[in-house]
Each structure stands twice: as structure tokens, then as C-alpha cells.
Amino acid sequence: MIDLRSDTLTRPTESMRAAMAHAEVGDDVYGEDPTVRVLEERVAGLFGHEAALFMPTGSMANVLAVRSLVAPGQEVLCESRAHIARAELGAHGAYSGITMRTWINARGQVDLPVIRDLFAPDMGPFFVPTAAISVENTHNFAGGAVLPLADLQDLREFATGVGAAVHMDGARIWNAHVATGVPLSEYGAVADVLAVCLSKGLGAPVGSLMVGSADAIAEARIWRKRMGGGMRQTGILAAAGLHALDHHVERLADDHAHARLLAEAAGTDPATVDTNIVVVERSDAAAFVAAAREGGVLVAPVGPTAVRLVTHLDITRDDAEKAASVFAKLA
Ligand SMILES: *Cc1c(COP(=O)(O)O)cnc(C)c1O
């Protein structure tokens with residue numbers, strides 16, 4: 001089966017497994033795992049921030065990142081299909097007492113005029129104050145869309161002007177970086193905190209990081225332990241992340257080329273494909289998924305009329321061409 005359901009499906013390569021097997025480790029709750037420290041310092045540096053914290057999941061990184069900016073009873077603004085709003089099972093409300101209001105943009109983009117309207121300053125005991133604005137880059141449910149740097153810079157300027165913070169869900173920030181050539185540090189510069197994943201296109205089996213100021217990370221370290229996320233000899237996992245940063249970032253360009261190939265075959269305009277995710281609009285989404293499976297390709301329905309295809313490390317050029325021929329027959 002050629003599995004295009006998600007880029008979380010990758011399995012560690014032999015050389016990644018070797019790096020994991022030979023990782024130097026210690027007890028990370030004691031702050032004594034050297035490999036975790038190297039990973040945290042390296043990722044903080046890539047984004048031009050002071051510190052970073054390794055976590056089991058991107059959801060946990062988002063929960064701790066958002067709560068570092070937004071107090072209980074305050075709100076965060078985000079796009080309506082943001083992962084933090086849709087796919088974290090209400091964690092920001094359930095754990096952190098945070099509410100959300102959303103703007104709608106089909107491509108998951110920053111819509112500054114609407115954000116300006118939604119933004120609520122602290123007016124005392126009357127309205128929920130907006131503490132932060134969250135953006136997702138690339139935007140998963142908007143089909144892996146990239147948020148242009150200029151829009152992010154405008155948002156940063158607005159947020160600073162009104163005293164709000166900016167959170168970036170950068171689960172796939174690596175894809176945005178490779179697709180546009182924008183340095184990671186420029187994305188880092190527009191956000192107060194970021195959450196980034198190693199377990200998507202980068203191909204690590206587990207692992208995400210929150211990136212931010214030394215103070216925010218020190219506080220998040222406490223919350224991570226409080227939530228049961230303190231890990232011990234986790235350098236084994238951090239080694240996979242370091243290996244991924246060394247070997248699996250630039251190759252994301254191949255995933256993007258494969259995604260355009262699949263889009264073309266499936267009758268989707270490849271110009272709408274920024275990175276490694278293709279959303280195919282089909283009135284018969286369920287039948288399309290079943291027919292693709294018959295042809296040896298797994299794809300995921302993401303609504304009654306939409307199917308998602310995701311390219312990743314375990315999809316070779318040959319796999320992409322085979323899948324394209326299956327989609328061409330169905331198109
Ligand atoms: C996958 C993903 C996350 C984190 O997911 P986990 O499964 O908790 O690691 C966060 N944001 C986006 C946009 C994602 O796609």
C-alpha cells in the first residue's frame with residue numbers, strides 16, 4: 001500500500017535508528033540528558049529564540065506555548081480550522097481555561113482587517129481580553145498553505161501595537177521554510193512562542209518542541225512535568241530529531257514536487273499546492289477513498305466532499321508516480 005493519509009506515518013530510517021541507538025543519555029527531568037540539551041539549544045538557535053523544550057507531542061507543545069501567553073479567562077484568536085481550535089480536543093479550554101474566537105479564511109491565511117475587528121483590548125470586568133493571536137504555518141486543514149512572511153510581519157506589528165502576543169503553530173514550519181526559502185529565524189522573529197514538530201515530514205518517530213524566551217521555557221518545564229510529560233532518558237528520541245534536522249529538511253522539496261504531481265493527476269490545480277498536502281475536492285469523497293484503496297493507495301477523507309493526500313519521507317518518486325496513475329484513472 002502507498003500510504004498518503006498523513007506525514008506522521010513515516011518510520012525511522014536505518015541511519016536514524018543507528019543514531020538513536022548510540023545516543024548519549026541521562027535523566028532529563030534532572031536536566032542531565034546531553035542529547036536533549038543539544039537538540040533544545042539547536043532548535044532555539046534556528047528560530048533565534050533563547051530556549052526550547054522537548055515534548056512528546058505537538059499538541060502538548062501548543063498547549064504549553066499558548067498558556068505561556070494567555071491566562072485563564074483570556075482568549076486567543078486563530079483561524080477557524082487551526083489545529084489548536086479543532087484537533088486538540090479542547091485542551092486549551094480543558095487545561096488552561098482559555099477561550100478562542102476565530103476568523104475564517106479558506107487558505108488559512110492571516111486576515112488582518114478581521115483580526116483587527118475581533119481583537120478586544122482589556123476593558124476591565126466586561127469582556128474577555130485578547131491576549132494572543134495564533135497562526136498556523138503551514139496550515140494543515142487549509143491544504144498545507146504557506147503564510148507569507150510579509151503578512152506575518154504585518155500581524156507582528158499590529159500585535160505589538162495593541163500589546164498582544166503571537167503564537168505560531170509551526171508543526172510544518174520546515175515545509176514553509178523549504179518551499180519559500182525564508183530563513184527559520186525570520187519566522188521565529190514574528191512569534192513570541194512557537195511549537196514545532198519533528199514527527200511529521202521530518203520523519204522522527206516522536207517529538208516536538210516549544211520555542212521561546214528563557215522565562216517562558218522555564219515555566220513550561222514546570223507545566224510539562226505537572227501534566228505528566230517529564231521524560232527520562234529521552235535523548236534516544238532527541239537523537240532522532242537531531243538526525244532529522246541534519247538529513248531530512250532539504251529533502252522536503254521532493255515531497256512538495258510529489259504533491260504537485262499527485263494534484264495534477266487528481267485534477268487539482270497544482271498552483272494551489274504550496275507544500276506536501278493536497279486537498280482533492282470530490283462530491284463522492286468516500287467512493288474516491290475506496291477506489292484509491294482498490295488501486296493500492298491509502299488516502300484520508302477530510303469531509304464529505306474533500307480528500308487529503310500527504311506526501312512524506314516514505315513516499316519515493318516511484319510511489320508518487322504509481323499513485324498518480326491511480327488518481328489519473330479516477331479523475
Ligand atoms: C500534527 C499537528 C500538531 C501536533 O500534533 P501531535 O499529533 O499532537 O504531535 C499541531 N499542529 C498541527 C498543524 C499539526 O498538523
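From a predicted model like this one, the values you see are computed outputs, not experimental measurements. Whatever order the structure lists ligands and atoms in, that order sets their numbers, starting from 1. One-based numbering along the sequence shown.
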For [X], take its heavy atoms, then give the atoms of ligand 1 lying under 4.0 Å from any of them.
| X | answer |
| --- | --- |
| N62 | 10 (C), 11 (N) |
| K200 | 1 (C), 2 (C), 3 (C), 4 (C), 5 (O), 14 (C), 15 (O) |
| T57 | 8 (O), 9 (O) |

field: Qualifying residue for side chain to side chain contact (heavy atoms under 4.5 Å, CB included) with L202, from L252, V196, L313, D7
entry: L252
- request: For a side chain to side chain contact (heavy atoms under 4.5 Å, CB included) with R172, tell me which candidate from T275, N137, I277 qualifies.
  value: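 Running side chain to side chain contact (heavy atoms under 4.5 Å, CB included) over T275, N137, I277 with R172 returns exactly one hit, I277.
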- request: Record the part of N140 in heavy-atom contact with ligand 1 below 4.0 Å; permitted values are side chain, backbone, both and neither.
  value: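 For N140, the contact with ligand 1 is made by the side chain alone.
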- prompt: Of the backbone atoms (N, CA, C, O) and the side-chain heavy atoms from C-beta on, which set of A171 has a member under 4.0 Å from an atom of ligand 1: side chain, backbone, both, or neither?
  reply: side chain
query: Do you see a protein non-hydrogen atom under 4.0 Å from atom 9 (O) of ligand 1?
result: yes
query: Between the side chains of T130 and E75, is a donor N or O closer than 3.5 angstrom to an acceptor N or O?
result: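 Present: a donor and an acceptor within the cut-off.
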field: Side-chain donor-acceptor contact under 3.5 Å, H312 with N276
entry: no
Ignoring angles and geometry beyond distance, decide whether [X] reaches within less than 3.5 Å of ligand 1 through its nitrogen or oxygen atoms.
| X | answer |
| --- | --- |
| D169 | yes |
| S199 | no |
| G58 | yes |

Distance from atom 7 (O) of ligand 1 to nearest protein heavy atom, with residue and atom: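 For this ligand atom, the closest protein heavy atom is S59 OG, 4.5 Å.
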- request: Identify the protein heavy atom lying closest to atom 13 (C) of ligand 1, giving its residue, its atom name and the separation to 0.1 Å.
  value: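 For atom 13 (C) of ligand 1, the nearest protein heavy atom comes out as E136 OE2, 3.1 Å.
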field: Verdict with supporting geometry, R317 and E321, salt bridge (charged side-chain N to carboxylate O under 4.0 Å, His left out)
entry: CA-CA 6 Å; R317 182 78 195 178; E321 283 170 1; 3.3 Å; yes
Heavy-atom nearest neighbour of atom 15 (O) of ligand 1 within options R172, M55, R86, R81: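 Result: the heavy atom closest to atom 15 (O) of ligand 1 is in R172.
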message: If you define the side chain from C-beta out and look only at heavy atoms, does anything of L69 sit under 4.5 Å from V76?
response: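 No, side chains not in contact.
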query: Taking C-beta and beyond as the side chain, do M168 and V211 meet within less than 4.5 Å on heavy atoms?
result: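 With C-beta onward as the side chain, the pair stays apart.
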message: Check whether Y95 forms a cation-pi arrangement with R67 (NZ or CZ under 6.0 Å from the six-membered ring centre, at most 45° off the ring normal).
response: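 No, a cation-pi geometry is absent between R67 and Y95.
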